[in-house]
*Asks:* 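One structure is given below, represented as structure tokens, and several questions about it will come after.
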Amino acid sequence: YVDQFAEVAPTEPAEGHVKISPRLGISHPISENAKMYFNYGHFYSLPPSADMYQINYGRKSDGIQFIGNPSADLPRTVAYEFGVEWDLANMVLFHVSGYYKDVTEQTGVVEYTNYMGDVDYGTIENNNFEDIRGFEIRIDKRWGRWITGWLNYNYMVETAGYIGREHYYEDPRLQRIQGLQ
């Protein structure tokens with residue numbers, strides 16, 4: 001199988017991607033020494049090249065173990081941040097902000113197994129997601145020419161998961177059993 005795969009496997013052109021990535025940043029002074037700001041943006045990233053183009057061959061009897069997916073969509077992050085900064089006597093800068101990131105279309109491996117079990121391979125699909133939220137407190141000490149420093153605290157909560165199944169079986173009995181786990 002491995003020797004013939006490149007010759008007999010069906011091929012198709014990879015899908016192209018055009019994305020619009022809007023971003024917005026607003027800052028407003030609330031006093032002579034303080035400001036309030038808001039940032040919003042859509043950010044896209046390329047999946048690792050191995051996820052798009054790699055083909056893993058097993059031993060001669062195992063066949064193909066993994067096939068990359070060059071048509072996988074680009075993972076997207078929609079990020080929001082709201083913060084306030086205070087300058088205290090031009091010596092210490094206090095920064096407090098809260099943020100939220102909605103990460104969708106992340107890539108994950110999905111396995112496919114035929115009825116007999118002799119075809120068993122994985123590929124990449126856009127089936128993972130993640131929500132990240134938290135707040136950050138930062139104190140910068142800018143007093144003098146020689147003494148500087150900062151203290152930072154970041155509290156973050158992540159929720160992640162996948163949509164659909166991580167393994168598809170052609171055998172309906174196995175598909176039902178695996179769907180319960």
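These numbers come from a predicted model, not from an experiment.
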*Asks:* What's the spacing between Gln106 CD and Ile163 CD1 if we round to 0.5 Å?
*Replies:* 10.5 Å

*Asks:* Within the 4.5 Å heavy-atom criterion, are Trp150 and Arg138 side-chain neighbours or not?
*Replies:* yes

*Asks:* Would you check if the side chain of Thr107 reaches a backbone N or O of Asn126 as a donor-acceptor pair within less than 3.5 Å?
*Replies:* no

*Asks:* Grab the two heavy atoms, one from Lys35 and one from Ser27, that are nearest each other, plus how far apart they are.
*Replies:* CD-OG, 3.5 Å

*Asks:* Enter the distance from Ile55:CD1 to Ile64:CD1 here, rounded to the nearest 0.5 Å.
*Replies:* 6.5 Å

*Asks:* Would you say Ile67 and Val109 are hydrophobically clustered, going by side-chain heavy atoms of ILVMFWY under 4.5 Å?
*Replies:* no

*Asks:* Go through Leu93 and Leu88 one step at a time and tell me if the side chain to side chain contact (heavy atoms under 4.5 Å, CB included) criterion holds.
*Replies:* CA-CA 6 Å; Leu93 179 66; Leu88 181 64; over 6 Å; no

*Asks:* Are Tyr37 and Leu24 connected in a single hydrophobic cluster, I mean Ile/Leu/Val/Met/Phe/Trp/Tyr linked by side-chain heavy atoms less than 4.5 Å apart?
*Replies:* no

*Asks:* Carefully, step by step, assess Tyr112 and Tyr121 under the rule ring-ring contact (aromatic ring centres under 6.0 Å, His included).
*Replies:* CA-CA 6 Å; Tyr112 291 91; Tyr121 70 94; 5.7 Å; yes

*Asks:* Can we call the ring centroids of Tyr155 and Phe135 under 6.0 Å apart?
*Replies:* yes

*Asks:* Do Tyr53 and Pro70 have side chains that get closer than 4.5 Å, going by heavy atoms?
*Replies:* yes

*Asks:* Nearest 0.5 angstrom please: Ser71 OG to Met52 CE, how far?
*Replies:* 10.5 Å

*Asks:* Glu130 and Asn128: side chain to side chain donor-acceptor pair (under 3.5 Å), yes or no, with the steps?
*Replies:* CA-CA 7 Å; Glu130 187 174 19; Asn128 290 355; over 6 Å; no

*Asks:* Any chance you could measure Glu81, atom CD, to Lys101, atom NZ, to the nearest 0.5 Å?
*Replies:* 8.5 Å

*Asks:* Does Pro172 reach the side chain of Tyr115, with side-chain heavy atoms less than 4.5 Å apart?
*Replies:* yes

*Asks:* Which heavy atom of Phe129 sits nearest to which heavy atom of Tyr162, and what is that distance?
*Replies:* CE2-N, 3.6 Å

*Asks:* Applying the 4.5 Å side-chain criterion to the ILVMFWY set and letting contacts propagate, would Met36 and Ile139 be lumped into a single cluster?
*Replies:* yes

*Asks:* Under the side chain to side chain contact (heavy atoms under 4.5 Å, CB included) rule, what do Glu136 and Val96 come out as? Steps first, then yes or no, please.
*Replies:* CA-CA 6 Å; Glu136 180 179 35; Val96 178; over 6 Å; no

*Asks:* What I'd like to find out is whether the side chain of Lys141 reaches to under 4.5 Å of the side chain of Thr148, using heavy atoms alone.
*Replies:* no

*Asks:* If we only count heavy atoms from C-beta on, is the Trp86 to Ser31 side-chain gap below 4.5 Å?
*Replies:* no

*Asks:* Using the ring of each side chain (for Trp, its six-membered ring), is His167 parallel, tilted or perpendicular to Tyr169, with breaks at 30° and 60°?
*Replies:* parallel

*Asks:* Short question: side chain of Asn114, backbone of Val119 - any donor-acceptor pair under 3.5 Å?
*Replies:* yes

*Asks:* Got a salt bridge between Arg133 and Asp102, using NZ or NE/NH1/NH2 to carboxylate O under 4.0 Å?
*Replies:* no

*Asks:* Do Tyr40 and Tyr44 sit in one hydrophobic cluster, given that two such residues count as connected whenever their side-chain heavy atoms are within less than 4.5 Å of each other, even indirectly?
*Replies:* no

*Asks:* Using the side chain to side chain contact (heavy atoms under 4.5 Å, CB included) rule, take Leu46 and Leu74 through it: C-alpha gap first, then chi angles, then the decisive distance, then the call.
*Replies:* CA-CA 6 Å; Leu46 283 174; Leu74 303 177; 3.4 Å; yes

*Asks:* Between the side chains of Thr113 and Asp120, does any donor sit under 3.5 Å from an acceptor?
*Replies:* yes

*Asks:* Please report the interatomic distance CD(Glu15) to CG(Asp73), rounded to the nearest 0.5 Å.
*Replies:* 8.0 Å

*Asks:* Determine whether Asn69 and Asp51 make a side-chain contact, defined as any pair of heavy atoms from C-beta on separated by less than 4.5 Å.
*Replies:* no

*Asks:* Quick one: does His42's side chain have a donor or acceptor within less than 3.5 Å of a partner on Ala79's backbone?
*Replies:* no

*Asks:* Tell me, do Phe43 and Arg76 make a side-chain contact under 4.5 Å, heavy atoms counted?
*Replies:* no

*Asks:* Grouping I, L, V, M, F, W and Y whenever their side-chain heavy atoms are under 4.5 Å apart, do Ile26 and Tyr80 come out in a common cluster?
*Replies:* yes

*Asks:* Between Gln175 and Arg165, does the side chain to side chain contact (heavy atoms under 4.5 Å, CB included) criterion hold? Intermediate values first, please.
*Replies:* CA-CA 10 Å; Gln175 186 69 23; Arg165 297 178 181 262; 2.6 Å; yes

*Asks:* Is any side-chain heavy atom of Val110 less than 4.5 Å from a side-chain heavy atom of Tyr168?
*Replies:* yes

*Asks:* Quick check for you: to the nearest 0.5 Å, what is the distance between Asp131 atom CG and Tyr100 atom OH?
*Replies:* 3.5 Å

